[in-house]
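Before any comments, here is the structure.
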Amino acid sequence: MIYLDNATTTFPKPQAVKDIVQVNLTNAFGTPGRGPHTSALRANVAVENVRRDFSEFFGVLDAFRVVFTYSATDALNMCIKGFLDEGDHVLISSMEHNSVLRPLKGLENQGKITLDYIACDKKGYILMDDLEEKLKQNPKLVIVSHASNVTGAVQSIYKIGQKVRGAGAYFLVDAAQTAGVLPIHMSNDWIDFLAFSGHKGIFGLQGTGGLILGSRIEKLRPWREGGTGFDSESETQPVNWPETFEAGTHNVFGIISMGEGLRFIQEQSLEKIARMEKEKIQWIWEEFSQYENIVLYGPSPEEERVGVLSFRILGWDPEDIGKILAQNYGIQVRSGLQCSPLAHKWLETFPEGTIRVSPGIFSTEQEICHFLKAIETICMTEVHWF
């Protein structure tokens, strides 16, 4: 198997991540806040240590502003449904993922909010003039994906955040594709909310993620309610942070895996990880540029981008390419709309979508060569049904 779908989830995981999960699975590990016994206390210490590590990694002074969630989608819903009030206006980029679009469209369809879109160019970069114009609408919240999961384009969150702050709005950054790959600092980048995935660039287990609350955030309604192990006599959700947002049993092993993934990233360095992924995309881009029947989407390798490349082969349905690569060559990529129909409509690749390849730092030269050879064979094959 050749795995080239790291934008969906990274594989393989670093050995240290696998080891720490295995070690803790073989030892008694309780649930944080549920009892004074050793197992519960060990779990609580482990979770709080990881919380502190993430606060330092993302530039947050108070560790209680790091909320562990079950995914980036969970974190985005937590912010959107916990922060917005009836009558609020929201701006999002035209490249956003369904985890942003769907909860907002649901609120809009209920008549609770109004929604508008910031235009992007065909590479996926936000048009700053349009952002400035749309900010005149006095939005409460502006939501931007740090990097598109379709084109790989990296937004200048510092410049965007500065303009959003100047307009008196709040800034939510979806860092699903960039956390653990690019430097992000809550204060320096003018970020009020940061949603991240734990199983992608952080190298943790699936079912993990987080929401970071910036220093300006003082109120947020809980996304879910229930047992917290704190203030159990109360019939209503406690107000203490982060407990109020983390009802239910923590994904302790997932959180520990994120912590170990974070250590791996710091040992390797963000710069090295980003460079390795970008070099592989540059190689693929240069090879594909030789084919007249391959259409490439997104920025060139010399521009600001992450290790995600979408393309189409003229005359072929992207889903068919995905199946052929998997069944005939043992290569795993993502095809279709990548849960981002809004982006594909903007790129004019809707409804078929694209083929997306996303090599990771563990992808080998031999695997890339095998992928390129497979695409070459497909490109040389005549199709007659289009």
Side-chain angles (χ1 to χ4, degrees), residues 1-11 95-98 120 122-124 145 147-154 176-177 200-201 277-301 303 305-386:
M1 179 191 78
I2 295 175
Y3 186 83
L4 298 175
D5 193 19
N6 287 273
T8 298
T9 192
T10 48
F11 179 84
M95 301 299 292
E96 295 308 306
H97 191 274
N98 273 342
C120 295
K122 290 302 180 181
K123 294 179 180 180
S145 178
S148 169
N149 74 314
V150 177
T151 70
V154 175
Q177 295 297 330
K200 298 183 183 183
E277 293 187 357
K278 201 168 182 179
E279 285 174 352
K280 291 166 186 175
I281 288 298
Q282 181 170 4
W283 180 12
I284 296 170
W285 180 285
E286 291 173 353
E287 291 293 324
F288 282 2
S289 297
Q290 301 176 38
Y291 296 93
E292 293 183 357
N293 57 341
I294 291 184
V295 181
L296 296 166
Y297 297 92
S300 68
E303 298 174 280
R305 59 147 42 250
V306 290
V308 173
L309 176 59
S310 286
F311 66 99
R312 295 191 68 169
I313 301 177
L314 298 179
W316 289 87
D317 187 292
E319 292 286 5
D320 291 333
I321 298 294
K323 292 176 183 177
I324 290 170
L325 288 172
Q327 295 171 7
N328 295 2
Y329 299 95
I331 300 171
Q332 299 185 11
V333 298
R334 182 78 185 274
S335 56
L337 296 174
Q338 294 95 30
C339 295
S340 298
L342 188 65
H344 283 284
K345 288 176 182 177
W346 193 259
L347 295 170
E348 299 179 348
T349 52
F350 185 88
E352 294 84 6
T354 59
I355 308 113
R356 185 187 72 188
V357 56
S358 50
I361 64 169
F362 296 115
S363 300
T364 67
E365 182 177 332
Q366 183 179 10
E367 289 173 334
I368 302 295
C369 285
H370 188 63
F371 168 70
L372 293 172
K373 184 63 177 177
I375 294 298
E376 178 186 13
T377 302
I378 294 170
C379 284
M380 301 298 289
T381 303
E382 286 191 40
V383 288
H384 304 284
W385 52 85
F386 273 78

Subject >> Residues which pass side-chain hydrogen bond (donor to acceptor under 3.5 Å, both in side chains) with E96, listed by chain and number, not counting sequence neighbours >> reply: S93

**OP:** Nearest 0.5 Å please: distance from the CG atom of L342 over to the OG atom of S145.
**Re:** 11.0 Å

**OP:** State, yes or no, whether a side-chain contact exists between I2 and F371 at a heavy-atom distance under 4.5 Å.
**Re:** no

**OP:** Of all the heavy-atom pairs spanning Y297 and F311, show the shortest one and how long it is.
**Re:** CD1-CA, 3.9 Å

**OP:** Work out which heavy atom in A147 is nearest to a heavy atom in V154; give both atom names and the distance.
**Re:** CB-CG2, 4.1 Å

Subject >> side chain to side chain contact (heavy atoms under 4.5 Å, CB included) involving N328 - partner list, sequence neighbours excluded >> reply: I324

Original post:
K280 side chain to I368 main-chain N or O, any donor-acceptor pair under 3.5 Å?
Top reply: no

Original post:
Where do S363 and L4 land on the side-chain contact (heavy atoms from CB on, under 4.5 Å) test, with the steps shown first?
Top reply: CA-CA 7 Å; S363 300; L4 298 175; 3.8 Å; yes

Original post:
Atom CE in M95, atom OG in S148: separation rounded to 0.5 Å?
Top reply: 3.5 Å

**OP:** For residues G360 and N6, report the shortest heavy-atom separation together with the two atoms involved.
**Re:** N-ND2, 3.1 Å

Original post:
Is the backbone N or O of Q338 less than 3.5 Å from a side-chain atom of N149, with the two atoms forming a donor-acceptor pair by type?
Top reply: yes

Using distance only, find each side-chain donor-acceptor pair of residues 283-290 under 3.5 Å and give its atom names and separation, not counting sequence neighbours.
unit_1 : atom_1 : unit_2 : atom_2 : d
E286   : OE2    : Q282   : NE2    : 3.2
S289   : OG     : W285   : O      : 2.7

**OP:** Work out which heavy atom in P318 is nearest to a heavy atom in G336; give both atom names and the distance.
**Re:** CB-N, 4.3 Å

**OP:** Search all heavy atoms of V306 against all heavy atoms of I281 and return the closest pair with its distance.
**Re:** O-CG1, 4.4 Å

Original post:
Would you say H370's side chain and Y329's backbone share a donor-acceptor pair under 3.5 angstrom?
Top reply: yes

Subject >> For E277, side chain to side chain contact (heavy atoms under 4.5 Å, CB included) partners two or more places apart >> reply: V181, I273, I361

Subject >> All salt bridge (charged side-chain N to carboxylate O under 4.0 Å, His left out) counterparts of R356, not counting sequence neighbours >> reply: D5

Original post:
Under the salt bridge (charged side-chain N to carboxylate O under 4.0 Å, His left out) test, which residues partner K373, sequence neighbours left out?
Top reply: E376

Subject >> Which atom of R305 lies closest to which atom of V308, heavy atoms considered >> reply: NH1-O, 2.5 Å

Subject >> Contacts of A153 that satisfy side chain to side chain contact (heavy atoms under 4.5 Å, CB included) - sequence neighbours left out >> reply: Y125, T151, P299

**OP:** Look up atom CZ in F350 and atom NE2 in H344, then write down how far apart they are to the nearest 0.5 Å.
**Re:** 9.5 Å

Subject >> S310: side-chain hydrogen bond (donor to acceptor under 3.5 Å, both in side chains) partners, not counting sequence neighbours >> reply: T354

Original post:
Taking only residues two or more places apart in sequence, or in another chain, which ones meet T10 in a side-chain hydrogen bond (donor to acceptor under 3.5 Å, both in side chains)?
Top reply: K13

Original post:
salt bridge (charged side-chain N to carboxylate O under 4.0 Å, His left out) with K123: which residues, sequence neighbours excluded?
Top reply: E303

**OP:** Could you tell me which residues satisfy salt bridge (charged side-chain N to carboxylate O under 4.0 Å, His left out) with E319, sequence neighbours excluded, listed by chain and number?
**Re:** none

Subject >> Rounded distance (nearest 0.5 Å) linking atom CD1 of I294 with atom CZ of R312 >> reply: 12.5 Å

Original post:
side chain to side chain contact (heavy atoms under 4.5 Å, CB included) with F11: which residues, sequence neighbours excluded?
Top reply: M1, Y3

**OP:** For the pair I313 and Y291, evaluate side-chain contact (heavy atoms from CB on, under 4.5 Å) and give the outcome as yes or no after the intermediate values.
**Re:** CA-CA 9 Å; I313 301 177; Y291 296 93; over 6 Å; no

**OP:** Supply the atom-to-atom distance I355 CD1 to L325 CG, rounded to the nearest 0.5 angstrom.
**Re:** 7.5 Å

**OP:** Give a yes or no on whether K122 atom NZ has more than 12 heavy-atom contacts from other residues, nucleotides or ligands under 6.0 Å away.
**Re:** yes

